[in-house]
Each structure stands twice: as C-alpha cells, then as structure tokens.
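No experiment lies behind these values; they were computed from the predicted model shown. Counting from 1, the numbers follow the sequence of the chain as shown.
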Amino acid sequence: MLDTPEAVFEALRENNERPYGTPRTVTAEELVEAAEQFEEKDVLVTALLELMSAYEYAAEHRKSPVVFARILTLWEEVPGSFSEWEARQVLWRHKWVTTSLLQVPDVPLATVDGWVGRMRDRYRAAGEGLQPVAAMRHRIAAHTGADRETAWDLWVTRPRERLSDCLACETRHQGLHHLDAGDDEQALRTWEPVLGGVQSCEEEPWVTQAHALLPLLRLGRTDEARSYHLTGYRHARGRVGMAEETGLHVEFCALSGNEGRALEILAENRALFDTTGAPLSLLGFLTGVQVLTRRLVDEGYDTTPVAGPVGRTWTARELLDHVSEQGDALAAAFDRRNGTGAVGERRRARLARRPPLAEPLALGLRTAAVPSPEGKPAATAPPVAASAREVPEDFVELVQKARELADAGRPGDEELWRRIAERVGADGHVHDPRLGPEERLRGELAEHRAFAAMEDEDKAAVKAALAEARELFALAGMPERVLTARARLASVGVEPGPEADAGRAELDTVLAEARALADEDTATAGVRRAYFVVLQCRAFLAHTEAMAALPDVPAELRERFEAAVAEAVAESERLDAPERTVNTRVYAADLAARSGDPERAERELRSVLRVVEAAGTPWRGTRPRGLLGQVLLQQHRPEEAMEQFHGALASAAAHGDTAFPVARTHALLGHAADHAGDQGAAVRHLSDGASRLDREGDAAGAAELRVELADVLARSDRQADAVAVLESLVADEAAAAAGMDERALAQARLLLARGLRELEEHRASAEQFLLLADAVEPWEEQFTHTLVASEAAVALLAAGREDAARSAYDRAVASHAKGPNPHAVAEMMRDFAAYAVSAKGADGLEDALGHLRRADEVLAALSGDDEDVARWYQTGATHYQRGRAYAGAERFPEALAELERAIAAHEEGGAQGEAPRAEAVRVAALVEANGLGRPDAALARLRAAITRCREAGLDQAAAILSRVGDEVSSRGRG
C-alpha cells in the first residue's frame, strides 16, 4: 500500500534498481500519482525527478520537458522540499530539456534557443559558470549546421564547471565535432580516453563505441571495430534509449559484409520502429536500416524476408521503401524546423557510404546466413586470385586452359572443369574435334568428378568415376591416362587388409607398365607425368596403411612406405623432375610428424620447399608450407609457425588454390598467435576461421573455434567480447545443438556463465548456471553436475535470490555425495560464509561458521592420495575465510588465530602458496593493527612479508602490502 510517504520512498528506491525501460517508466508514473496525495511535497519532488530520469533514458523526450516544468513550479513554490542533491538537479537537468527539445521537430527552434537563454539566466542567478550553456549552444549548432565553428570555439575555450556534462559525454561530443568535419583520425584520438576506459558514465563507452565503428573500419583498425561492435551492441540491445546507436551497429554490419548479423539485430529490436518519443534518434535508427536494406536490394535479395515493424511480414524491398519514406519525412521535418539542410545532408551522406573493406570482416559470432530468394546463393565463397576467375568464353580456349593448368599441376582449374561439365551437359552440345577425341574430354571430366568426390569422402563415387575415366581413356587411345586412373583406383579409399593387398598388387603391375612407357625414347611429357602419378599413388597407399596403424607402426609397414618414397625420389632425380615428388615427400613428413618425430618432418618439408623454389613452381609449396607451420607449432615454435601459415595463405590466394583449407589454416594461425602471446592476432584469425567454416557448412568446427575464441578474449581481459561470442552460440538452443555436441555446448555455457559473473551480471549468470546444471545432471560423471550446481548457488546468491541459492546449495551437496567435487563444494561453502557476514555482520557469524564447518568436513573426507585437490590451498582458504568472518564480527583474537593458521597452511604450498599467503598476511596485519591495537607488530609482519613477496617475484602483492603498511604507519602517527 502506497498510503504513506515512507512507503512511496521505499517503492522509489526499489524502482531505482530496475533497468531503464517501459516497466520502470510505468512504475515511475504510478509513483508520481501516489506522491500527489501528500501535503508535504518532498516525496513528490523525488518522484518527479525519478520520472524525468525514466523518460530521459527510455527516450521519451516528448514527455521529459513537461515533467521538468512541474519540477520548476515546485522549486519556485516550495524550495524547502528539495534536498541539496535535488536542488542541484534542477540546474543540471536544464541540459536534459535542451536535448529533449532538439529531439522533437515539432518544437520550434526559437523555443529551443529561448530555453537555453533561460538556462543561462538561472545559472547566472545561482552563481554557476556558463560553460554548460556554451555546450548546449554548440549542441544546437552541431544539429542545425549553423555557426558550428563559432559555437565550438565558445565551448571548448571555456574551463569546465561544476555543472558541466560528465567528462566522458563531453569527450564524445568533441569527437563527433571532428567526425562531422570528416576527420576520422582526430575523432578517434579525441575519443581515446572513453574507448580506453579512462572516462566512463551511464552512457559511455557504449555510445561512443557505436559512433567509432565506421571510422575504425575506414582506417583499417578492424580489431577495434570488431570488439566495439561486440561489446557496444550487447549493451544497446533492446534499449529504446539507444535507437540511434542500434542503427549505427546495423549500418556497420551492412558495410562490413555482415548483413546476416544486421538482420539478426533488426529481429531483436523490432520495437524500435514504433518508438515516437525521440524522433531524432528514430531517424538515426531508420537510416542505418536503410543502408542495410539498400545493400540487400542492390545485391538481388529484394524478396528476402526481414524483420520490420510489428504487425506484418516484410521483404527487404518493402522495408526499404517504408524506412526511406519515413526517414525522408523526418529529415525534412527537422530541416524545416531548423531552417537549414544539415540533417538531410548527414542522412544522405550515410546512405551514400559503400563498404570500405574488400572482404567481409569476421566478427567471431555465430550468425545465420542471409535468407535467399529463389535462385540466389545464400553465401558467396571468399575471393580468389584474379587468374582463377578469368574464364574464357570460347569453349576450346576454356578446355585448353584447364588442361594447361592440370598438366602443370597448378591449382585453379576446378572452376574451369565445372564450367566445362556444364557446357558438355547442356542440350545441343557438339564436340569440337580440335580438342581431340570426345572420350578424352569425358574421361577428364570423370576424373575431376572423382577428385570432387574425394573431397566429400564419398568412396563409392570416387571408384565409380575413376572406373569410368579408365574406360574412356582406353577408348581415347591414351594408355598413360589409363594407367593413372588404374593407379588412383587401386590406392584411393582403400581400407587396410585384403583390399590394400589387392591394391598393392595392382599398383605393382601398373608401375611396371608405366616405367616401361616412361623409359621409351619417345616418351612424352604426359607419359612422364603419368609415371610419377603412379609412383605417388604407391606411396599414398603405403602412407594410408601406416597411418591406420598409428601410434605404433609395424616395421613392415614403415619399411614399405619408406621404400615407396625412396623409389619415387630416386626416379625424380634420374629423370630430372624433383618437383614431381613434392606430394610424396609431404606424405613422409606427415607420417614423421604424427609418429613423434617433428625434427625429421621439418627437415623433409624445408627440403621440399627448396626444391619447389628451384623448380620455379611456387604453387606446389602451398601445402608443404602449411604442414611445416603445424610441425613448428608441434615443436612449440609459434612465431615461426605463424610465418609459415601466413606464407601458405598468401600462396593459396596468389595461385587461386580454392581447394586449400583456408579456414583451418586461419584456425591454426589463431592457435599459434595465442601461444606466441599475440592475442589480437589470435582473435582475428579464430574469428576468420569460424566465419569461413560457417560458409563451408561445418557448424561443429565453427562452434569449436568460437569457444576457443571466447577463451582467448576472456584471458585478454575482454570479457564482454567473450560473452557476446558465447551468447551467439547458446542463444538459439536448437541451432546451437545442430552444430555442437552436448559436451561442447555445456562447455560454452559454462564459459558464458562464468563470463557473466565476471561482468557482475549475476542474474543472467545464475540463469546460465541453472540451465547448465539441468543439462549435465543426467551425465554419468556426477562431479561435473556438482561443480555446476555449486557455481549456480553462488551466482544466485550474488543475484540476491537467497532462497533459490540455498536450494542450489542443497542440490550441490546432494550431488557431491554421488559425484564428489570437494574443491567446488568447499569453495561454495566459503562463499556462503562470506556472504553471511557481509550481509548481516555479527548476526551472520554463526551461519558463516556453520558453512565453514561443513567445508572442513568435505575436506576431512578426502583420501590422502587425492591429487585433484591441493589440500594446503583448501585448508588455508577455509582458515582465511573463518578469520574474515571473526573479524567482521569484531572477534579479533579469534580472527588473528585463524589467519595465522591460514598463513601456515599456505606455507605448505611452496611457490604456489606465496600469493594466497600474502593476502592472509594483509588481513592479519589489519586485524592486528586496527582490531587489537598493535600497529608495531602489524608493521613487522608486513615488512617481512614484503621482502618475501619481492624475493618470489610478486611485485604487485608487495606493493599492496606496502600501501597497507603506509596506512598503518599514518594512523599510528595520527
């Protein structure tokens, strides 16, 4: 019942804890009505100020000035009803009214100017400085485009005052001034304190992050742009008060090749289309949507379904027409009001922007592809080298070019053979005799169908296509091509055992025939190529058998493989064609690496690369270079590995090798960069790898990379970025499950829950922990459920849901009885003990001690040989927490005794125990100095600990202890 001022004040306090949005605003309106019943106006003043805040941060700018008019009336009639803070707010919120009036085109500009004049008069009367007034004048000038430079000079040359906007907001507007002038670099330099976290407020850094996205993209600073999108949009999502910023994120996605992500943002923010309280912000949102839909339509996706205003379905074309009309009308309304064309000009400049990057920017998020109209591909492959894209129109030239690339062993012929197959298969096709026998061409096409089936691991299709090629080459009178088809048929897709024995016998026969042809004086280059293909197939079959036997390859198999490789190499030297055995030697390096001999693998691969370079066939070095990178990574040489991976990617791009595993190589680059300590590069390559795997349809592989990406981000103190990536993985359970097995999904959810906890989003963290606990409860290894239930209990406690937390606590204890996880359970019990004292002080001591006794019981039940739990740490942590509990209840002698026990326990941990030992010393010194009145003893304790920390290399711990010592000394002198 809101029938007393105290009840309304309490309700106002509760409402103040809610996030800004419709529920908070509606409640604030109701509380104003409740406050009007009381004769004393102090509660009404507070309620009106709360309502004005709700309107301000929920973008109800039409209503905010009306509320402020009521506040001013009360200020004039009953100034004694305002507290000191509320009195200051009367002056402060004049600025809010200025920005609110600017947001609404129905308000004449003269009214806005007149309001700023009244603001100036009130500030003068109150003895306040006028820099905030100059800031508002500049805000109007920036909006209208009139006298911008004059207003700028009058603002920035004045010193900040008590009522100036917060430093972060002023920095944002200063950067926007430079951005409007077209100076991206100066804008970003200005914004550095905000973007770097030095300056922040209720709105920052998230608003500035949105404005910085495209400048960063234009300057090639893509890592920062990616990060600011991940964190900035996550904050803006669903907030009506951030409609303009949401539009900037949509625009950024559209111009960075992430149209699918932009469509997801639209679907999450459909309510923004219908907001009317902040027309200028709405215009910013609609313009971002127009950039997106224009790109979709221009690319042929005009009938693609998109999310628009609620109440009907929309296509990209329909939404484009709608937002174009609405946006044009709003811009025109502002320009009429302002008497300038500035708003329309800025809008047209945004709409004229084009993507500044040649390729899509990988964001690291799981994002659905753009839904495609019929006949339009859902996604396009990444660009390849220009040479590979040049497809002759003349059919004879097309076939000749494809044969030329194939004969040279050059990549890039796959697309040509695909075009050839389409032309041959078309109605009315007539073979051109200039291309030789028709059977030859059809045999070549069958051979390339086999190669494609190999990539898909379709053994039956491979064998059928090779058998067809064999027969067609025989009809074409090409014995050397018959031999290569036979050799491939005998070696590809063969299982160890009788099938391999038969294949080996066939290869021996084929090899003898191929050698006889190659040794003839009239042997052509084609015959020699066929001979080396047969030698390679022989080595490949031996490699297959040896690989199947790993990790312990029998001597017979190893010798057979070594002999096949040696013969191929010897023949290449005899016939002066060492480059023809590159693939065979790569098999040897691969087996060496997988057999635990990376040094031999490295020697082999470096030799291969020298052969490739000497032969002038750099395209043959792409795969050896990629494998060398893996071998170097295996030897813990990540920097050298990165160099090789970069080289392999560059080679694949230069030579149009579309079959090279680019996505997996980016993944390996990410691993290597992480190991090399270059987390920025790791994020870049893991994001790119995941995006490419999405395009290839490998959802599971992409999800695996994103979990690794999130881990790298979290370890790089970019927890918000990590959470954004993980949320994209688990947001849609069905889609996530399609790409991840239950354990991978559980790992992602665990990382997400912990990341949310680090961000102090405790309610969301608790929800994820509870979902995870339900998911892992059926698992056989119950210790996992115990871990999750324990962390869920602590998360619920931090979220203020005590009853649910205690239920989760009991669930964890019960699970521990079936699947012990003493570390997790004891940690949970200590956290509950800490909470009991922090929440209730001395009254919570017995509750805290009860939890700690239970933790002791958990640890006492451990067997002596349990290696999974560091007993010294657990024991020390429990003594430490008991000491903190006694100290909180002001039972200082008992507190010091427990802390001494904690110090002794951590001593047993050796080097690992030094950091927790230092923390126990810190608290013990404070108890000794402040609680027991023994500062000299405390200082002696601290001096010894500081020396010990420095000797252990714990400089930060030593600095903390030094500061404590300084505080103790200063109080002693006082």
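There is a side-chain donor-acceptor pair under 3.5 Å between S607 and R585. Inspection of the H448 and E414 side chains reveals no N or O donor paired with an N or O acceptor under 3.5 Å. For S227 and D721, the side-chain atoms include at least one donor-acceptor pair closer than 3.5 Å.
Q644 contributes atom CD, which lies 11.5 Å from atom CG of L649 (distance to the nearest 0.5 angstrom). Separation of atoms CG (D678) and NE2 (H685) is listed at 8.0 Å; rounding is to 0.5 Å. Here the straight-line distance linking atom CD of E604 with atom OH of Y587 works out to 13.5 Å at 0.5 Å rounding. Q782 contributes atom CD, which lies 12.0 Å from atom CG of L787 (distance to the nearest 0.5 angstrom). Here R366 contributes atom CZ and S728 contributes atom OG; the two are 6.0 Å apart, rounded to the nearest 0.5 Å. Expressed to the nearest 0.5 Å, how far CG of L709 lies from CG of L363 amounts to 10.5 Å.
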task = Give the C-alpha distance, both sets of side-chain angles, the deciding distance and a yes or no for salt bridge (Lys or Arg N to Asp or Glu O under 4.0 Å) between R749 and E727.
result = CA-CA 8 Å; R749 199 177 291 285; E727 284 177 334; over 6 Å; no
Residues R600, E562; criterion salt bridge (Lys or Arg N to Asp or Glu O under 4.0 Å); working and verdict = CA-CA 13 Å; R600 179 183 175 184; E562 298 285 358; 3.0 Å; yes
Pair R580-R620, side-chain contact (heavy atoms from CB on, under 4.5 Å): steps then yes or no = CA-CA 9 Å; R580 288 288 175 182; R620 297 184 187 275; 3.5 Å; yes
inquiry  = I'd like to know whether R692 forms a side-chain contact (heavy atoms from CB on, under 4.5 Å) with V662, so could you lay out the CA-CA distance, the side-chain angles of the two residues, the decisive distance to 0.1 Å, and finally the verdict.
reply    = CA-CA 8 Å; R692 290 172 183 272; V662 172; 3.6 Å; yes
task = With side-chain contact (heavy atoms from CB on, under 4.5 Å) as the test, would you mind laying out the steps for E567 and L535 before giving the verdict?
result = CA-CA 8 Å; E567 182 175 8; L535 286 167; 4.2 Å; yes
task = Give the C-alpha distance, both sets of side-chain angles, the deciding distance and a yes or no for salt bridge (Lys or Arg N to Asp or Glu O under 4.0 Å) between E908 and R871.
result = CA-CA 9 Å; E908 299 175 17; R871 187 183 293 272; over 6 Å; no
ask   = F532 and L575: side-chain contact (heavy atoms from CB on, under 4.5 Å), yes or no, with the steps?
value = CA-CA 10 Å; F532 284 116; L575 297 173; 3.9 Å; yes
task = Might you work through the salt bridge (Lys or Arg N to Asp or Glu O under 4.0 Å) test for R743 and E781, ending with a clear yes or no?
result = CA-CA 12 Å; R743 293 180 182 274; E781 56 273 32; 2.6 Å; yes
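Using a cut-off of 4.0 Å between Lys/Arg side-chain N and Asp/Glu carboxylate O, R504 and D508 are scored as not salt-bridged. R449 has no carboxylate O lying under 4.0 Å from a charged side-chain N of E444, or vice versa, which leaves the two without a salt bridge. E480 and R528 are not joined by a salt bridge, as no carboxylate oxygen comes within less than 4.0 angstrom of a charged side-chain nitrogen. For the pair R558 and E545, the salt-bridge criterion is not met [side-chain N within less than 4.0 Å of a carboxylate O]. In this structure, R606 does not pair ionically with E613, as no charged nitrogen and carboxylate oxygen lie closer than 4.0 Å. Look at R538 and E571 and you find no salt bridge, because none of the NZ, NE, NH1 or NH2 atoms lies under 4.0 Å from a carboxylate O. Look at R684 and D688 and you find no salt bridge, because none of the NZ, NE, NH1 or NH2 atoms lies under 4.0 Å from a carboxylate O. By the 4.0 Å N-to-carboxylate-O rule, R574 lies close enough to D519 to be salt-bridged with it. A salt bridge links R664 with D698: the closest approach of a Lys/Arg side-chain nitrogen to an acidic carboxylate oxygen falls below 4.0 angstrom. A salt bridge links E556 and R560; the closest N-O separation between the charged side-chain nitrogens and carboxylate oxygens is under 4.0 Å. Salt bridge status for R715 with D674: present, with a side-chain N to carboxylate O gap under 4.0 Å.
Using the six-membered ring where Trp is involved, H655 and W619 have ring planes that are perpendicular, over 60° apart on the 30 and 60° scheme. Using cut-offs of 30° and 60° for the angle between ring planes, the Y873 and H906 rings count as tilted.
F769 places a side-chain heavy atom less than 4.5 Å from the side chain of R754. Looking at C537 and L541, their side chains never come closer than 4.5 Å, going by heavy atoms from C-beta outward. Counting only heavy atoms from C-beta outward, the side chains of E415 and T658 never approach each other to under 4.5 Å. With a 4.5 Å cut-off on side-chain heavy atoms, Q630 and F645 count as touching. Counting heavy atoms from C-beta outward, M547 and V553 have side chains that stay 4.5 Å or more apart. Two residues are said to be in side-chain contact when any heavy atoms from C-beta on lie closer than 4.5 Å; T544 and S491 fail this criterion. In this structure, L632 and M642 have side chains that are not in contact, with every pair of non-hydrogen atoms separated by 4.5 Å or more. Side-chain contact check for R917 versus E914: some heavy-atom pair is nearer than 4.5 Å.
Using a distance-only test at 3.5 Å, with no hydrogens or angles considered, no donor-acceptor pair links the side chain of S691 to the main chain of S687. Judged by distance alone, the side chain of R706 and the main-chain N or O of V725 form no donor-acceptor pair under 3.5 Å. In this structure, the side chain of Q634 engages the main chain of A593 through a donor-acceptor pair within 3.5 Å. A donor-acceptor pair under 3.5 Å links the side-chain atoms of T786 to the main chain of G819, judged by distance alone. Not a single donor-acceptor pair under 3.5 Å links the side chain of D657 to the backbone N or O of A652. Remark: side-chain polar atoms of S651 are not paired, donor with acceptor, to backbone N or O of A648 under 3.5 angstrom. T875 contributes no side-chain N or O that, together with a main-chain N or O of W872, makes up a donor-acceptor pair within less than 3.5 Å.
In plain terms, the two heavy atoms of V510 and L483 that are nearest each other are CG1-O, 3.6 Å. Closest of all the heavy-atom pairs between R529 and D407 is CD-O, 3.2 Å. Shortest non-hydrogen contact noted between P638 and A672 is CB-O, 3.3 Å. The two residues L605 and P624 have their closest heavy-atom pair at CD2-O, 3.9 Å. Annotation for L705 and A690: closest pair CD1-N, 3.6 Å, computed over non-hydrogen atoms. Shown here for A514 and V534, the closest heavy-atom pair between the two residues is CB-CG2, 4.1 Å.
For E777, the CD atom counts as densely surrounded, since its 6.0 Å shell holds more than 12 non-hydrogen atoms of other residues, nucleotides or ligands. D456 CG: more than 12 foreign heavy atoms inside a 6.0 Å radius. The local environment of CG in D501 is crowded, with over 12 non-hydrogen atoms from other residues, nucleotides or ligands closer than 6.0 Å.
In this view, H816 satisfies the ring-ring contact (aromatic ring centres under 6.0 Å, His included) rule with no residue, not counting sequence neighbours.
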